[in-house]
Amino acid sequence: MTAPALAWLRDDLRIADNPALRAAVDHGGPVVVLYLFDEESPGIRPLGGATRWWLHHSLAALADDLSGRGGRLVLRRGPAEKIVPAVVRETGADAVFWNRRYGASREIDARLKERLRGDDIEVASFAANLLVEPWTVQTEQGRPFQVFTPFWRAAQQQPVRELVPAPRELTSPQHVDSDDLDDWGLLPTHPDWAGGLRERWEPGEHAAHRRLEHFVREVLADYHERDLPAQEATSHLSPRLRFGELSPVQIWHRAHGELTAAARKNAGRFLSEVGWREFDWSILYNNTGLAHRNFREEFDAFPWEHPRKADLEAWQQGRTGIPLVDAGMRELWTTGYMHNRVRMVTASFLIKNLLIDWRIGEKWFWDTLVDADEANNPANWQWVAGSGADAAPYFRVFNPELQAEKFDPHREYIRQWVPEIDGDEYPEPIVDLKQSRAEALAAFEHVKAARTTR
Ligand code: FAD
């Protein structure tokens, strides 16, 4: 009898196009499908509240799908370097398969691979969650790209892999201990703030495919309106990609499949946004401290204000008196999502009008976004701050009033989230936009000075 194989799932909570799961099935024996909740290992960034909520539901959906195919999801909690070898021992597995990670946690995988191989266990890792492996896209000098356009041009030269078919059925050993998902406490209880998330989202692979299909058929043709937050013009696939309910390879193939002429016109633009995700992951791959360290060191000289509690809370709660900022922050708090244009505006307001360190805003988004992503979140915050790769220049300060006039001209988005805007309840702005902009530019002189003295 063939020994069991272990498929260790991480941010790839899907059955279709999952090379590690496929390899475990093709191994020929029973398959132990393991999800490990690891908040302890070095290099792991513990999830925020909104992603914990998503993870719970996505795992529940995956467990259902697996059992529909004869398999079973095993849940364990603890540090990977302890738990994975323990599960291998308990089940008598002779092979372990996983899809690659690209942040600091890849060190855990490298150590595990060596250790398991030392115990004569077959180990293989696969490319699954990016279109291109970060180390394969380089400048002519063999260095990582720091600018998006040449990165994406080079990335697109590479062939995109074929889709990996979902196993129709699999058998899993039944007598393997598993935690109870409810015991992990991923869902909020007191208070239960997740009502807006439940209303807005349905996590899981099936729902992800329905969303992709809806997007391609009904929305992609309007993607050129992606900057208008009141329109449904983008895919809303970000949490799906975050948890790997869909792979970018599936999205790429679908966007190159059967499309209306109007959708075809927009497909390149849409895929270039998926390309930004690739770029951000390649930046993280080469700079694993991206959430803590300025990508451009001269920004270490920036004199951040010690954040005033009242300002920070007004921003977090959507009470700044700046309508577009407040609308965005309330959308975020209620649904776990915020429109991209508004993310830029709210981030810019925190950094450049309140002079609060981008890392503080990044942490808030990390806690509240359902798509909070180890690469995209810090990379985008640093993009807005000016300290990132291929970033907006610091001196380009978004004016949230002008942004609202341009991108929400009829105030539909603002009214949806800030209905009191039309009455006299709405507060005065907590800062003077003009004066704070001038102060930000004066503070930026420190960065300029650091740049010239380096
Ligand atoms: P679409 O426009 O449909 O784009 C398709 C996919 O491309 C997205 O799902 C996403 O995976 C990727 N993408 C789109 N825009 C970007 C971008 N600017 N950078 C990187 N990838 C992109 N995105 C996250 O996935 N996780 C985050 O934690 C995150 N934090 C952000 C923080 C700030 C301050 C800003 C300005 C942006 C952030 N973004 C983040 C990027 C972007 O806002 C979201 O990916 C996008 O709004 C998701 O909506 P969508 O799926 O409808 O996007």
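Start at 1 and go down the list; that is how both ligands and their atoms are numbered. The basis for the numbers below is simple: all heavy atoms, side chains too, and nothing from hydrogens, waters or symmetry mates. Treat the numbers as computed from the prediction; the structure is a model and nothing was measured. Sequential numbering from 1 along the given sequence is applied to the chain's residues.
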#### Entry: Check ion pair D11-R101 (N to O, under 4.0 angstrom)
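No, this pair does not count.
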### Query
Is the shortest distance from a Lys or Arg side-chain nitrogen in R359 or D357 to a carboxylate oxygen in the other one below 4.0 Å?
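Yes.
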#### Entry: Main-chain N/O of L237 paired to R211 side chain as donor or acceptor, under 3.5 Å
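No: the side chain of R211 does not pair with the backbone of L237.
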### Task
Heavy-atom cut-off of under 4.0 Å around ligand 1: list whichever protein residues fall inside it, by chain and number.
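Lining ligand 1: Y223, R226, T234, S235, H236, L237, S238, L241, F270, E273, V274, W276, R277, D280, Y337, N340, R343, M344, A347, F365, L369, D371, A372, D373, N376, N377, N380, W381.
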### Task
Please list, chain by chain and in numerical order, all residues satisfying side-chain hydrogen bond (donor to acceptor under 3.5 Å, both in side chains) with E405, sequence neighbours excluded.
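In terms of side-chain hydrogen bond (donor to acceptor under 3.5 Å, both in side chains), with neighbours along the sequence ignored, E405 is linked to no residue.
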### Task
Sequence neighbours left out, what passes side chain to side chain contact (heavy atoms under 4.5 Å, CB included) with A127? Give chain and number order.
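Scan of A127 (side chain to side chain contact (heavy atoms under 4.5 Å, CB included), adjacent residues dropped) gives R100, E133.
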### With Q250 via side chain to side chain contact (heavy atoms under 4.5 Å, CB included) - residues at least two apart
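Applying side chain to side chain contact (heavy atoms under 4.5 Å, CB included) to Q250 gives R14, A16, D17, L163, H209, L246, S247.
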